[in-house]
Amino acid sequence: MPFWLMKSEPDVFSIADLQRKRREAWDGVRNYQARNYMRQMAVGDEVLFYHSSCAQPGVVGIARISRTAFPDPTQFDPGSEYFDPGSKPEDPRWSAVEVEFLASFPEVIALDALKSMPGLAEMPLVKRGNRLSVMPVEPEQFAIITAMARTRTKR
DNA sequence: GCCAACGTTGGC
DNA sequence: GCCAACGTTGGC
């Protein structure tokens, strides 16, 4: 089962928001590489939920894909900040998926901690200058991060 | 708020 | 198709 990591600014949409709403469309992605990854997602894929552009950036929980890629409605909405006048309804440029809440970690797995793990060195997330907001995660990497979350819970 | 890194745009 | 200018991301 494939695994992914998706970034969200908690001021805009946090893991607590997802927990409360249970399911939410993941829209507004306007990067082709990220979009292409979203189009590869399958129902049941697990997602590391990452908080970015905040006081403590890091992985904060787990979500699950509950609907595969569909045309992102915000691209056709002139009132949306994600409106894309170049995208045509007959040939939508941008995709969204739907995610479902699975778990919220009791503590943030901080970016610092992720950077210090040798097994995570190949993740785009920890590489300098990388800004990708949706990325695949190797099963081994997913296991390391969820184990970090469990270790923290026990202390 | 700063700024490095990177993606996109648009003139040529 | 090149590439400079510009905009955005995201950690700090």
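In what follows, chains carry the letters A, B, and so on, assigned in the order in which the sequence lines appear, proteins first and then strands, with residues in each chain numbered from 1. Values below: every heavy atom of this structure, side chains too, minus hydrogens, waters and symmetry copies.
In terms of hydrophobic clustering, with Ile, Leu, Val, Met, Phe, Trp and Tyr side chains grouped at heavy-atom distances under 4.5 Å, A:W4 and A:L102 are assigned to a common cluster.
In this model, a donor atom of one side chain and an acceptor atom of the other lie less than 3.5 Å apart for A:R30 and A:T74. Between the side chains of A:S95 and A:R35, no donor-acceptor pair is found at a separation under 3.5 Å.
Protein atom OH of A:Y32 is 17 Å distant from nucleotide atom C1' of C:dT9, rounded to whole Å. Rounded to whole angstrom, the span from the NZ atom of A:K127 across to the C1' atom of C:dG10 amounts to 18 Å. A:N31 places its CG atom 9 Å from the P atom of C:dT9, with the value rounded to the nearest Å. Separating the CG atom of A:D84 from the C1' atom of B:dT9 is a distance of 13 Å, rounded to the nearest angstrom.
Shown are A:R22, A:E24, A:E98; of these, the side-chain hydrogen bond (donor to acceptor under 3.5 Å, both in side chains) with A:S66 is made only by A:E98.
Nucleic acid contact class of A:K115 (heavy atoms, under 4.0 Å, all strands): sugar-phosphate only.
For an aromatic pair to be called close, the ring centres must be under 6.0 Å apart, and A:W94 with A:F83 fails this.
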Please list, one pair per line, the donor and acceptor atoms closer than 3.5 Å that link side chains of residues 5-14 of chain A to other protein atoms, with sequence neighbours excluded.
| from | atom 1 | to | atom 2 | distance (Å) |
| --- | --- | --- | --- | --- |
| A:K7 | NZ | A:L132 | O | 3.1 |
| A:S8 | OG | A:F13 | O | 2.6 |
| A:S14 | OG | A:A16 | N | 3.3 |
| A:S14 | OG | A:D17 | N | 3.1 |
| A:S14 | OG | A:D17 | OD2 | 3.2 |

How would nucleotides 3-8 of chain C be written as a contact map, 5' to 3', with B for base contact, S for sugar-phosphate-only contact and - for no contact, using protein heavy atoms under 4.0 Å? ----BB

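At the phosphate of C:dT9, neither OP1 nor OP2 sits under 4.0 Å from any side-chain N or O atom of A:K7.
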